[in-house]
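Side chains included, hydrogens not; waters and symmetry mates left out as well; all remaining heavy atoms used. Not measured: the values here are computed from a predicted model. In listed order, ligands and their atoms are each counted from 1.
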Amino acid sequence: MANDQHYDLLVVGGGINGAGIARDAAGRGLRVLLCEKDDLAGHTSSASTKLIHGGLRYLEYYEFGLVRKALKEREVLLRAAPHIIWPLRFVMPHVPHLRPAWMIRMGLFLYDHLSRRELLPGSCGVNLDKHALGVPLQDSMHKGFVYSDAWVDDARLVVLNAIDAQERGAKIMTRTKLQSAHREDGLWQATLVKDERTEIRIFARAIVNAAGPWASELLHQHLHQTARNDVRLVKGSHIVVKKMFDHDHAYIFQNPDKRIIFAIPYEHEFTLIGTTDLEYKGDPGKVKISSDEVSYLCDSANRYFKQSIKPADVLWTYSGVRPLLEQEDASNPSAVTRDYHLELDAAHDQAPILSVFGGKITTFRCLAEEAVNLLEQPLKITKTAWTANASLPGGDIPNADFFGFFQRFQSHYPWLPKALAERYAHSYGTRALRMLSDCRALADLGEQLSPGLYEAEVRYLVESEWARTTDDILWRRSKLGLHATPSSVQVLQEKLTHLLAVAGQVPSAVSTNTAATAAGVTSLAAVSTTSEVR
Ligand SMILES: Cc1cc2nc3c(=O)[nH]c(=O)nc-3n(C[C@H](O)[C@H](O)[C@H](O)COP(=O)(O)OP(=O)(O)OC[C@H]3O[C@@H](n4cnc5c(N)ncnc54)[C@H](O)[C@@H]3O)c2cc1C
């Protein structure tokens, strides 16, 4: 039997948890295959609020353990990937009738001290009447609080984990669905379907079910297994509008319904506002924002900002489904724990299956570490956990000093326009040098296919980051979709078809529109697909 049919571990799902587990396991010497039915980060892991955070609001639910774990991870991740993860300060205007000042001060004190904090400044009060942070806010806002968390490019975090996994020996197969699997002679025998047409049979000593919102469905319908846990699907949506303020802090607003929403500087020219929390019963692949959610988010912002926004101002939206751990005692979706649970079924020395329920982008690394630790005994893994001090691809920046790195980067490529240099440095970190290795002048980047997108980058994304469709490039490997036009998407599509043919890959069966819909994306500026908003 061909060697590429046999693996130690089959990881199902190329979201953050699957990619993180594949990376950890490959680094411990396992022969890993990761299969993802769509694109990497094609679903929940590109639809988050993009915060690496302890979760200030979870303190109200007494989730001290989760907050401590997440705060600790915040420091680990800021060091591991300083190009795609960076500090962000948050301003919370004080609204006395929603939460008293003593309560917020106590919460922020805990937030500052629950875990060791070396990279981020602590919290403080701010006089909004006198400070620039108060300028965009309504005049009724006098006092506020400022605290630290971090920002992450969620979709790129997934891709970087997949790259690292691959460089440590894992095989990454996108557009490849686990169709079925059963145990036979102490192994899992699995049938994968690539590009909806090619069946592939493989054998694995263990399976990790990291199918996110599909985790329960995968277990019951494709693997015919039972589990003690279940996922609870909770939808969350975001809107993007033209930028509403000029500084680099984000806002956290308290709503009368006790929820909070964020207004975050986004891609230089925009403000990202989210999120919602709604029970979801539909197909996770078809999630999209409702007009009620758009109104809810506009109203939430309008309670605080001087400038009022309405649904017609919304330029882009996205939605995702949180695959939360089902808890019988939590009726309110906002109250369901954001912590995770790993369920290992290795009874009677059978080939094990480990399922992931719940989790956050922030805690993916420790989730992955715990998952592989659980497999240590059944798979006889001898190498110990290793990711706590390892950088992610492109993140090997001395002292995690992104600004120092950027200065060196700019002086190395003086011909790169500053905005482009900044985007390359942030997206690819030290890997940008590989992408630009043959370039000595702007002309060497090739044709500009879409605003800010040159041929050299597209080539790199196809060759090194599994990009197969325009959506992969415009909405996940980058957010250049915000600047694209229908004709530039067409130009990109033609180039992509050519590059994929040269690389010997068939164009993906997933069309641009389908991928956008699958990710819950509604774009008005560019590849307009399932617009409900306007
Ligand atoms: C609105 C919203 C805001 C959030 N904000 C934050 C935040 O700010 N910070 C934070 O830390 N977390 C946040 N989260 C949580 C975080 O995004 C999720 O916990 C995380 O992305 C889940 O990752 P996952 O890998 O489990 O699932 P997914 O990313 O959905 O990955 C699962 C993958 O499995 C694949 N799959 C399913 N079935 C199969 C099959 N049969 N074969 C092959 N592949 C299959 C799917 O295609 C999918 O890509 C947010 C979530 C939402 C929805």
Side-chain angles (χ1 to χ4, degrees), residues 10-22 33-55 57-58 66 70 73-74 77 85 88 149-152 154-155 157-158 161 173-181 190-194 207-219 221-223 231 233-238 250 261-262 264 272 274-278 280 284-285 287 289 293 317-325 333 338-340 355-365 367-368 371 476 510 515 518-520:
L10 169 63
V11 178
V12 185
I16 191 58
N17 290 326
I21 292 169
L33 170 64
L34 180 148
C35 72
E36 162 53 54
K37 67 182 171 57
D38 297 316
D39 182 26
L40 294 168
H43 295 281
T44 316
S45 295
S46 58
S48 81
T49 310
K50 307 177 200 311
L51 302 180
I52 296 294
H53 62 159
R57 78 173 188 86
Y58 309 146
L66 169 62
E73 277 308 291
R74 194 177 64 177
L77 297 177
I85 301 177
L88 184 60
D149 259 322
W151 166 264
V152 61
D154 52 3
L157 184 66
V158 176
N161 273 276
M173 295 182 75
T174 62
R175 269 86 196 193
T176 305
K177 179 174 180 173
L178 175 72
Q179 189 61 46
S180 62
T191 304
L192 313 180
V193 179
K194 185 158 177 52
I207 289 183
V208 164
N209 165 15
W214 289 268
S216 296
E217 180 191 309
L218 183 83
L219 271 175
Q221 292 176 20
H222 297 269
L223 305 177
V231 281
L233 303 183
V234 175
K235 172 190 184 184
S237 299
H238 292 80
I261 62 146
F262 295 101
I264 304 173
L272 174 68
T275 175
T276 53
D277 253 328
L278 295 165
Y280 188 75
V287 62
I289 196 165
E293 287 177 283
T317 70
Y318 62 84
S319 301
V321 178
R322 302 172 180 86
L324 303 182
L325 172 66
R338 268 48 176 172
D339 211 347
Y340 54 81
S355 293
V356 176
F357 298 96
K360 296 196 56 72
I361 299 267
T362 307
T363 48
F364 86 90
R365 192 207 60 83
L367 180 154
R476 287 182 285 278
V510 180

Proximity to ligand 1 by part of Lys235, non-hydrogen separation under 4.0 Å: neither
Contact partition for Ala70 relative to ligand 1, non-hydrogen atoms under 4.0 Å: neither
Contact atoms of ligand 1, heavy-atom distance to Leu51 under 4.0 Å: 7 (C), 8 (O), 9 (N), 10 (C), 11 (O)
For ligand 1, the portion of Ala47 having any non-hydrogen atom under 4.0 Å away: backbone
Minimum non-hydrogen distance to atom 36 (N) of ligand 1, winning option of His222, Arg338, Met173, Lys37: Lys37
For Gly236, atoms of ligand 1 separated by under 4.0 Å from a heavy atom: 1 (C)
Whether Asp154 lies under 4.0 Å from ligand 1, heavy atom: no
Polar atom proximity, Ile361 to ligand 1 (N or O, under 3.5 Å): yes
Proximal atoms of ligand 1 relative to Leu218 (non-hydrogen, under 4.0 Å): 41 (N)
Plane angle bin for Tyr318 and His238 - parallel if under 30°, tilted between 30 and 60°, otherwise perpendicular: parallel
Sub-4.0 Å heavy-atom contact, Gln179 with ligand 1: no
Option whose closest heavy atom lies nearest to atom 1 (C) of ligand 1, chosen from Thr362, Thr275, Ile16: Thr275
The one among Gly212, Gly15, Ser45, Ala190 that brings a heavy atom closest to atom 22 (C) of ligand 1: Ser45
